[in-house]
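Small disclaimer: the values here were computed from a predicted structure and weren't measured. Every chain is numbered from 1 and lettered A, B, ... according to where its sequence line falls, protein lines coming before strand lines. When reading the values below, keep in mind they use all heavy atoms of this one structure, side chains included, and skip hydrogens, waters and symmetry mates.
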Protein chains: 2
Amino acid sequence: MNQNIERISRILINNNIKPSFQRIKILEYLLENKKHPTVDEIYVSLHPEIPTLSKTTIYNTLNLFLESGIVRALNIESSESRYDPITDQHGHFKCDHCGSVYDFPVNFENIKSNKFLEGYEVKEKDVILKGICKHCKEN
Amino acid sequence: MNQNIERISRILINNNIKPSFQRIKILEYLLENKKHPTVDEIYVSLHPEIPTLSKTTIYNTLNLFLESGIVRALNIESSESRYDPITDQHGHFKCDHCGSVYDFPVNFENIKSNKFLEGYEVKEKDVILKGICKHCKEN
DNA sequence: AAATAAAAATGTAACAATTACAAAAAAAGT
DNA sequence: ACTTTTTTTGTAATTGTTACATTTTTATTT
């Protein structure tokens with residue numbers, strides 16, 4: 001447990017972010033539960049452990065993480081942003097029925113090799129699929 | 001001009017949508033200016049010609065179009081939805097600098113052939129790239 | 001260790017996109 | 001022409017997010 005906190009602190013420090021308690025907990029949550037949570041989900045999950053936690057802090061922290069590039073925002077649904085720690089490249093499948101967001105591997109090379117994008121500097125890529133997931137199909 | 005309206009009326013009728021003036025104008029705007037406009041952009045553009053036009057009508061109409069599948073919503077930025085008439089499949093490149101959204105062709109077959117998505121019903125696909133566009137690069 | 005300065009966290013209010021809802025206007029049916 | 005249904009409209013409510021001032025915590029200096 002303590003080792004985990006040290007590991008996460010190191011990630012923050014490496015990105016020039018002071019490892020405060022809240023920041024550690026928020027990043028830990030993102031890394032442990034790879035659920036692409038919304039701000040509200042983070043808040044509800046961490047609030048029991050950190051009763052003074054404010055949503056503004058979560059917003060501030062996530063924006064800080066975004067600037068440093070340790071997380072990225074997923075705008076799958078227009079009504080809410082979800083947050084994803086940046087690891088390997090992958091696409092996202094959102095189930096219209098249960099609302100879950102699943103990761104799946106994507107070969108971005110096929111997309112990049114495109115004449116139409118010559119001269120364009122691509123910084124961020126995402127593949128978003130929507131539909132009904134396997135689990136919902138089966139029920 | 002009149003032919004255009006007839007053409008657009010027919011699209012609506014084919015999708016079981018009564019071709020009211022507002023609906024025709026909104027769909028016409030989407031089809032003519034392929035700019036992936038926001039609701040506000042549609043409103044500002046059509047308001048001079050239709051002074052009584054209400055944003056609620058635009059929202060209602062777009063939701064109607066979404067249900068019928070003649071347009072789809074692009075959630076590139078979390079703060080706003082953009083709307084795109086459905087034609088051929090293509091990806092979207094959004095320039096972080098000038099804000100423009102460019103279309104580019106995408107071969108979705110490369111993405112679909114994926115073991116991880118077996119059993120999943122994919123209804124909607126999008127590839128979203130962000131970065132700096134050619135025009136902004138040159139300046 | 002106490003005092004001071006700087007950074008981070010917090011709560012409230014403001015904001016903007018969207019939706020809910022009821023009333024007004026227009027269109028369709030009788 | 002009258003009634004019913006559909007469409008449009010304006011206002012108010014809702015929700016995710018940001019702005020901002022205050023409080024708390026952390027770091028620095030004496």
Side-chain angles (χ1 to χ4, degrees), chain A residues 5 8-9 12-13 15-29 36-68 70-84 94 99 101, chain B residues 5 8-9 12-13 15-29 36-68 70-83 99 101:
Chain A
I5 288 179
I8 290 166
S9 292
L12 292 172
I13 292 166
N15 285 277
N16 289 316
I17 297 172
K18 285 191 192 150
S20 74
F21 183 61
Q22 284 86 337
R23 289 170 177 171
I24 291 171
K25 280 297 170 186
I26 291 168
L27 182 53
E28 183 186 36
Y29 183 78
H36 323 82
T38 62
V39 165
D40 199 65
E41 283 166 12
I42 298 173
Y43 179 75
V44 168
S45 299
L46 294 183
H47 190 255
E49 196 184 348
I50 317 168
T52 66
L53 184 65
S54 144
K55 275 198 185 177
T56 304
T57 300
I58 300 176
Y59 279 107
N60 289 342
T61 302
L62 289 171
N63 285 333
L64 198 66
F65 290 176
L66 285 174
E67 283 165 30
S68 309
I70 36 181
V71 308
R72 65 174 178 153
L74 302 181
N75 304 313
I76 299 177
E77 231 55 60
S78 65
S79 57
E80 60 187 16
S81 283
R82 293 175 173 275
Y83 297 88
D84 204 13
K94 161 125 186 196
V101 177
Chain B
I5 289 179
I8 290 166
S9 291
L12 291 173
I13 293 166
N15 285 278
N16 289 315
I17 297 174
K18 283 190 193 152
S20 74
F21 183 61
Q22 285 84 338
R23 289 170 180 171
I24 290 171
K25 281 296 171 187
I26 292 169
L27 183 53
E28 183 185 36
Y29 183 79
H36 322 84
T38 61
V39 165
D40 199 65
E41 283 165 12
I42 298 172
Y43 179 76
V44 168
S45 300
L46 294 184
H47 189 255
E49 197 185 347
I50 316 167
T52 64
L53 183 65
S54 145
K55 275 199 185 176
T56 303
T57 300
I58 301 177
Y59 278 108
N60 289 343
T61 303
L62 289 171
N63 284 333
L64 198 64
F65 289 177
L66 286 174
E67 282 165 30
S68 309
I70 36 184
V71 308
R72 64 174 179 156
L74 302 181
N75 302 314
I76 299 176
E77 231 56 59
S78 64
S79 56
E80 58 186 17
S81 282
R82 293 173 173 276
Y83 296 88
V101 177

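Between Q22(B) and E80(A), the residue anchored nearer the 5' end of DNA chain D, judged by the nucleotide with its closest heavy atom, is Q22(B).
Against DNA chain D, the stretch residues 47-66 of chain B makes heavy-atom approaches under 4.0 Å through T52(B), L53(B), S54(B), T56(B), T57(B), N60(B).
Distance CG (N75(B)) to C1' (dT18(C)): 12 Å, rounded to an integer number of Å. Note: CD1 (I17(B)) to P (dT6(D)) measures 15 Å, nearest angstrom. Going from atom CG of D40(B) over to atom C1' of dC15(C) covers 14 Å, rounded to whole Å. Between E41(B) atom CD and dA16(C) atom P the separation is 16 Å, expressed in whole Å. Here dT8(D) presents its C1' atom at 10 Å from CD1 of I26(B), a figure rounded to the nearest Å. Note: CD (E77(A)) to C1' (dA17(C)) measures 15 Å, nearest angstrom. The interatomic distance linking Y43(A) (OH) with dT15(D) (P) rounds to 16 Å, in whole Å. The interatomic distance linking L12(A) (CG) with dA7(C) (P) rounds to 17 Å, in whole Å.
Heavy atoms of S78(B) sit nowhere under 4.0 angstrom from any nucleic acid atom. Contacts of T38(B) with the nucleic acid, taken as non-hydrogen atoms under 4.0 Å apart, are absent.
Screening residues 43-54 of chain A for salt bridge (Lys or Arg N to Asp or Glu O under 4.0 Å), with sequence neighbours left out, gives K25(A)-E49(A).
By the side-chain hydrogen bond (donor to acceptor under 3.5 Å, both in side chains) test, D40(A) is found to be paired with K55(A), residues two or more places apart in sequence or in another chain being considered. Residues satisfying the ring-ring contact (aromatic ring centres under 6.0 Å, His included) test with Y43(A), not counting sequence neighbours, are H47(A). Residues passing the side-chain hydrogen bond (donor to acceptor under 3.5 Å, both in side chains) test with S45(A), sequence neighbours excluded: Y29(A).
Taking 4.0 angstrom as the limit, S79(A) places none of its side-chain polar atoms (N or O) nearer than this to OP1 or OP2 of dT18(C). Side-chain N/O atoms of S20(A) include one lying less than 4.0 angstrom from OP1 or OP2 on dA9(C).
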Going through the distances and angles, do V39(B) and S81(B) end up as a side-chain contact (heavy atoms from CB on, under 4.5 Å)?
-> CA-CA 8 Å; V39(B) 165; S81(B) 282; over 6 Å; no
Take L12(A) and I70(A), measure what side-chain contact (heavy atoms from CB on, under 4.5 Å) needs, and give me the verdict at the end.
-> CA-CA 9 Å; L12(A) 292 172; I70(A) 36 181; 4.1 Å; yes
Report the C-alpha distance between V44(A) and E41(A) in whole Å, list the side-chain angles of each, state the deciding distance to 0.1 Å, and finish with yes or no for side-chain contact (heavy atoms from CB on, under 4.5 Å).
-> CA-CA 5 Å; V44(A) 168; E41(A) 283 166 12; 5.9 Å; no
Review item, nucleotides 23-29 of chain D N/O atoms under 3.5 Å of protein N/O:
none

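The CG atom of L27(B) sits 11.5 Å away from the CD1 atom of I5(B) when rounded to the nearest 0.5 Å.
Between I17(A) and S68(A), the shortest heavy-atom distance links the atoms CD1-OG, 3.3 Å.
Of the candidate nucleotides dA9(C), dT18(C), dT8(D), dA9(C) has the atom lying nearest to any side-chain atom of R23(A).
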